[in-house]
2 protein chains.
Amino acid sequence: MASSRFAVAVHVLALLARAGDVPVKSGEIARSVNTNPVVIRRILCALSRARLVVAQRGASGGAQLARTPARIKLSEVYRAVECGSPFSLHPAPLRRCAVGRNICAVLERVQGEVEGAIERALAKISLQDVLDELQACGAQGAKRDR
Amino acid sequence: MASSRFAVAVHVLALLARAGDVPVKSGEIARSVNTNPVVIRRILCALSRARLVVAQRGASGGAQLARTPARIKLSEVYRAVECGSPFSLHPAPLRRCAVGRNICAVLERVQGEVEGAIERALAKISLQDVLDELQACGAQGAKRDR
DNA sequence: CCCAAATGTAACTATATTGGTTACATTCTG
DNA sequence: CAGAATGTAACCAATATAGTTACATTTGGG
């Protein structure tokens, strides 16, 4: 089961970007994503640990981007909220078999190649690129909603 | 939860490669992988549908590679047994929000980039490469076990 | 020609992950 | 200091995965 945390995280960051420097509350974000505020806070928490957003507690708190959208790469977002590899190794192959004994070492290298490929693909895309595409997609879109 | 089907599939194919043209039974494979024969048969079934192996039913049946190891790319194996994307889109963002309305289209493109990157990374590795690395890893390894 | 052995597959179970929800301690601001 | 927000724990439902049993189907050998 692939998680949707990355998708939600990008959605969240896009909303924060459009809000500029006014802090956005988890409840508002949750409405746009169409989920529960706690789910959003969990994502925000991960993004905050990764230094991509800053959250302010207390009354009139909320979250803002920690950097300009051009300086946030999707690879950082991915690392912040997903586990990394699209497949895992099998637990305990038979050690008294030439294949079973060594296959995991080989597969770990393959796993490394794949993770690197994902990382590089996502490093090419910035949050600003996402905003630009959103703008292009929604050329018909209203400006004055949130 | 990332599945281990790809890892098991590569393990299975390596065993078939080493068996040459003698058919290997799911039970024998299961012993090396250290799992249940049905789990192996499920993987073999997917690999068979992808035309990577041929299975023979009935007494003295079993599975063999459908091609030489050099002509089997790990990208084909991955496609045969895994679902594709390491992340999924979130179900139903709010359509009356400029971001919510268009984010999924943008994310689908990102998803495409990532899937392409995985595909290309795995297309560079053949089953023969895996066999060579197994050999290198297990240079100390016995030849006469299965 | 049948029987043993193998695949293909359905059905069920246990376990883990994910996302949704409630609840609440903590931390701010006005 | 009161209200509002985050951070987080605890729980639940839904789903995916892998393991297991069971069995219909197929096939080759005696």
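Chain A is the first sequence line, chain B the second, and so forth, proteins listed ahead of strands; every chain is numbered from 1. Worth saying up front: this structure is predicted, and the values here are computed from it rather than measured.
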Under 4.0 Å: is that the gap between some side-chain N or O of [X] and OP1 or OP2 of [N]?
| X | N | value |
| --- | --- | --- |
| A:Ser3 | C:dT18 | no |
| B:Ser4 | D:dA18 | yes |
| A:Gln56 | D:dA4 | no |

Exercise. With sequence neighbours excluded, tell me which residues meet ring pair (Phe, Tyr, Trp, His ring centres under 6.0 Å) with A:Phe6.
Key: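 If we apply the ring pair (Phe, Tyr, Trp, His ring centres under 6.0 Å) test to A:Phe6, skipping adjacent residues, the hits are A:Tyr78, B:Phe87.
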Self-check item: Flag, side chain of B:Asp129 to backbone of B:Ser126, donor-acceptor distance under 3.5 Å
Solution: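 Such a contact is found between B:Asp129 side chain and B:Ser126 backbone.
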Quiz item: Got a donor-acceptor contact below 3.5 angstrom from the B:Asn34 side chain to the A:Leu94 backbone?
Solution: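 Judged by distance alone, no pair lies under 3.5 Å.
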Find the distance [X]:[atom1] to [N]:[atom2] and express it as a whole number of Å.
| X | N | atom1 | atom2 | value |
| --- | --- | --- | --- | --- |
| A:Lys25 | D:dG3 | NZ | C1' | 13 Å |
| B:His90 | D:dT15 | NE2 | P | 19 Å |
| B:Gln64 | C:dA6 | CD | P | 15 Å |
| B:Ile40 | D:dG19 | CD1 | C1' | 12 Å |
| B:Phe6 | D:dT17 | CZ | P | 16 Å |
| A:Arg49 | D:dT6 | CZ | P | 15 Å |
| B:Phe87 | C:dG19 | CZ | C1' | 18 Å |

Practice problem: Could you check A:Val24 against B:Thr35 and say which one's nearest nucleotide on DNA chain D is further toward the 5' end? | Solution: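 Final value for this comparison: A:Val24.
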Quiz prompt | Which residue lies more 5' along DNA chain D, comparing A:Ala59 with B:Gly58 via nearest heavy atoms | solution =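 Going by which nucleotide is closer to the 5' end, it is A:Ala59.
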Per [X] side chain, nearest of listed nucleotides [options]:
| X | options | result |
| --- | --- | --- |
| A:Ala55 | D:dT6, C:dT7, D:dT20 | D:dT6 |
| A:Arg5 | D:dT8, D:dG28, C:dT18 | C:dT18 |
| A:Asn36 | D:dT6, C:dT22, D:dT17 | C:dT22 |
| B:Val39 | D:dT6, D:dT20, D:dT8 | D:dT20 |
| A:Arg57 | C:dT26, C:dG19, D:dG28 | C:dT26 |
| B:Arg42 | D:dT27, D:dA9, D:dT20 | D:dT20 |
| A:Arg41 | D:dG7, C:dT29, C:dG20 | D:dG7 |

Quiz item: Under the criterion side chain to side chain donor-acceptor pair (under 3.5 Å), which of B:Arg67, B:Arg71, B:Arg51 is the partner of B:Glu76?
Solution: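 Exactly one candidate clears the test, B:Arg67.
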Self-check item: Polar contact flag, side-chain donor to acceptor under 3.5 angstrom, B:Thr35-A:His90
Solution: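 The criterion, which ignores hydrogens and geometry beyond distance, is not satisfied for A:His90 and B:Thr35.
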Self-check item: Closest-nucleotide 5' rank along DNA chain C - winner of B:Cys45 and B:Ser88
Solution: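 First, find each residue's nearest nucleotide; the 5'-ward one identifies B:Cys45.
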